[in-house]
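All values derive from a computational prediction rather than experimental measurement.
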Amino acid sequence: MIIIKFGGTSVQNEEAIGRVISIVKGRLKEKPLVVVSALARVTRLLCSLAEEAEAQREENVKNLLKQLRERHFNLAKNLLAARQDLLEECLAKVEERILELETFVGGICLIGELSPRSEARIISTGELLSSTIISYAFNANDISCHWIDARSMITTDDNYLNARPDMEVTEANIKRIVGLEYRGADLVLTQGFVASTEKGATSVLGFEGSDYSAAIFGMALGAERVEIWTDVDGIRSADPRIVKDTRKIDVISYEEAAEMAAMGARVLHPLTIEPARKKNIPIRVLNSTNPSCEGTLVIRGDQSPDGPKSVAVRDEILFVKIVSPKLDGVTRMFGKVFAALYPRRVPVVLAKATGSEVFLVIPEMAGDLLPEALEEIGTWAEVTTYRDKAFISVVGRNIVGFEGLGDKVISVSGKVHLANVSANMMSENFVIDRDRLQVTLESLHDYIFKVNN
Ligand code: ADP
Ligand code: ASP
Ligand code: MG
């Protein structure tokens, strides 16, 4: 079996879904499980819908529901124009799902309260809708496709918006259900991102989590490979949306790809690598608008040379400096700082300590509890929060063997607030001023990938 995952832009409209059908058609012999995201921008729309409902802005809620209905109805009509029978069935299912959402959101509007559990239920609708329409599109093209509700397979904890699967239960569910559904079908299709708790409530795996879903399905089924179809020609030397003349990486190790994702490269969700690595399943990152490009292969122990492979950035981070008047020692400093951060689930990108200082890199969207955590630390230390900072990270095996990265970043950015080499030697990281990010990124990329080659 193989897993074929299509992201939001790869299923965004009729034309894109036409490409999806032809890509999958060429792989039917390999018994695909197709995993789809919501149509591009739909998850964002659903997040706004949840917010507007909580704020009891009924007009806005109505408007967003109208947009959602129109987008999916039009898509189904265009895709299934030649098959009125299938179109009617499909529209009935889409309408049922949207009505259910409307009723649910109506309830939220009435009480003006939104729990993570309710929000997960609202935002899961995107994948449930897109997968329904796409499965009908396959059938209309004479490819017999069975739709599976991912909630019956991926079982998670009750951290509804960032849920983590119980792998043992999930693996058994996937094997059993995919095995059953494959009977008499050319392919089976399900949703990324969407899961459910042990008690049956809908949960989601976190934003961009469909890549992770694909890897979980791959691991459970012992797939020959996992294909991640997106809108760029594979993993590149930097985000092509922000740097010109990036290069395609042909092959990369699991470890380097995981490091890139952890350091902020959006192309793969950070958790995607682990399930694949566990069973040594290759991941191929491909471009659905350019299917003949071989993309990037992510595997165990590639033969490519050491040194930088890619530059990743996070542009919305806070840099926090904590200075204790006593010489507490590293263990005590870390212990006290994380005793305040951990119970509030503050995500930390990077932490560094000396005997009397701790430096933290934290995403700006670290949640509402960060001020409270810093206030608590402020009772025993001096806390300074620096805003408008960015995090730039050069990723590649044995990164320290490549000289001049630090000098280059300092000379272009003007000031490096923190420099760090990761313990696994897979990345060299710098905190700089955000207004110097673009120019630093461009010259660093140039220095690594042009000047030296
Ligand atoms: P999908 O909707 O298919 O999941 P995403 O938008 O999540 O797609 O991921 C693809 C995007 O990742 C690309 O459009 C690109 O802008 C971004 N990206 C960031 N870093 C890289 C990189 N190093 N190589 C390729 N793409 C990258
Ligand atoms: N639709 C979800 C999101 O936009 C999951 C995904 O596309 O990976 O975050
Ligand atoms: Mg994505």
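No option in I2, I3, I281 other than I2 meets the side chain to side chain contact (heavy atoms under 4.5 Å, CB included) test with E224. When the options M260, E256, K248 are evaluated for a side chain to side chain contact (heavy atoms under 4.5 Å, CB included) with I235, the one that passes is M260.
Taking the six-membered ring for Trp and thresholds of 30 and 60 degrees, Y386 and F319 have ring planes inclined between 30 and 60 degrees apart.
Side chain to side chain, H445 and T246 fail the donor-acceptor criterion of an N or O pair below 3.5 Å. Using modelled atom types and a 3.5 Å distance limit, the side chains of Y160 and E119 yield no donor-acceptor pair. Remark: the T202 side chain and the S124 side chain contain no N/O donor-acceptor pair separated by less than 3.5 Å. Side-chain contact, T125 with R97: no donor N or O sits under 3.5 Å from an acceptor N or O. Defined by atom type and a distance below 3.5 Å, a donor-acceptor pair is missing between the side-chain atoms of S213 and S210. Of the N and O atoms on the side chains of N74 and R71, not one donor lies less than 3.5 Å from an acceptor on the other residue. A donor-acceptor contact under 3.5 angstrom links the side chains of N424 and E259, judged on distance only.
Smallest separation of non-hydrogen atoms from V35 and Q191: CG1-C, 3.9 Å. Across all non-hydrogen atoms, the minimal contact from L297 to I299 is CG-CG2, 3.7 Å.
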* To do: Before giving the answer on side chain to side chain contact (heavy atoms under 4.5 Å, CB included), spell out for I216 and I174 the whole-Å C-alpha distance, their side-chain angles and the decisive distance to 0.1 Å.
  => CA-CA 9 Å; I216 295 170; I174 294 174; 4.0 Å; yes
* **Intermediate values then yes/no, side chain to side chain contact (heavy atoms under 4.5 Å, CB included), L101 and L46** => CA-CA 10 Å; L101 176 70; L46 291 165; 4.0 Å; yes
* Between L418 and L350, does a side chain to side chain contact (heavy atoms under 4.5 Å, CB included) hold up when you go through it step by step? -> CA-CA 10 Å; L418 181 81; L350 183 76; 3.6 Å; yes
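Take Y182 and apply the ring pair (Phe, Tyr, Trp, His ring centres under 6.0 Å) test, not counting sequence neighbours, and it matches no residue. Looking at residues two or more places apart in sequence or on another chain, you find no side-chain hydrogen bond (donor to acceptor under 3.5 Å, both in side chains) involving K415. Applying the ring pair (Phe, Tyr, Trp, His ring centres under 6.0 Å) rule to H269 yields the partners Y212; only residues at least two apart in sequence or on another chain are considered. Listed by chain and number, the residues in a ring pair (Phe, Tyr, Trp, His ring centres under 6.0 Å) with F104 amount to none (sequence neighbours excluded).
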For a quick test of your reading: what N or O donor-acceptor pairs under 3.5 Å do the side chains of residues 137-146 make, sequence neighbours left out?
from : atom 1 : to   : atom 2 : distance (Å)
N139 : OD1    : C145 : N      : 2.9
N139 : ND2    : S135 : O      : 3.1
N139 : ND2    : C145 : O      : 3.4
N141 : ND2    : A137 : O      : 2.8
S144 : OG     : G184 : O      : 3.3
S144 : OG     : D186 : N      : 3.4
H146 : ND1    : E181 : O      : 2.8
H146 : ND1    : E181 : OE1    : 3.4

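A salt bridge links E59 with K62; the closest basic N to acidic carboxylate O contact falls under 4.0 Å. Residues R57 and E51 are not paired through a salt bridge, judged by the lack of any N-O separation under 4.0 Å between the basic side chain and the carboxylate.
Applying the side chain to side chain donor-acceptor pair (under 3.5 Å) rule to pairs touching residues 362-376 yields R344-E372, R344-E376, E364-R434, sequence neighbours excluded.
Counting heavy atoms from C-beta outward, V313 and I242 have side chains that approach closer than 4.5 Å.
Checking side-chain atoms of S413 against main-chain N and O of V409 turns up a donor-acceptor pair under 3.5 Å. In this structure, the side chain of R436 does not engage the main chain of G414 through any donor-acceptor pair within 3.5 Å.
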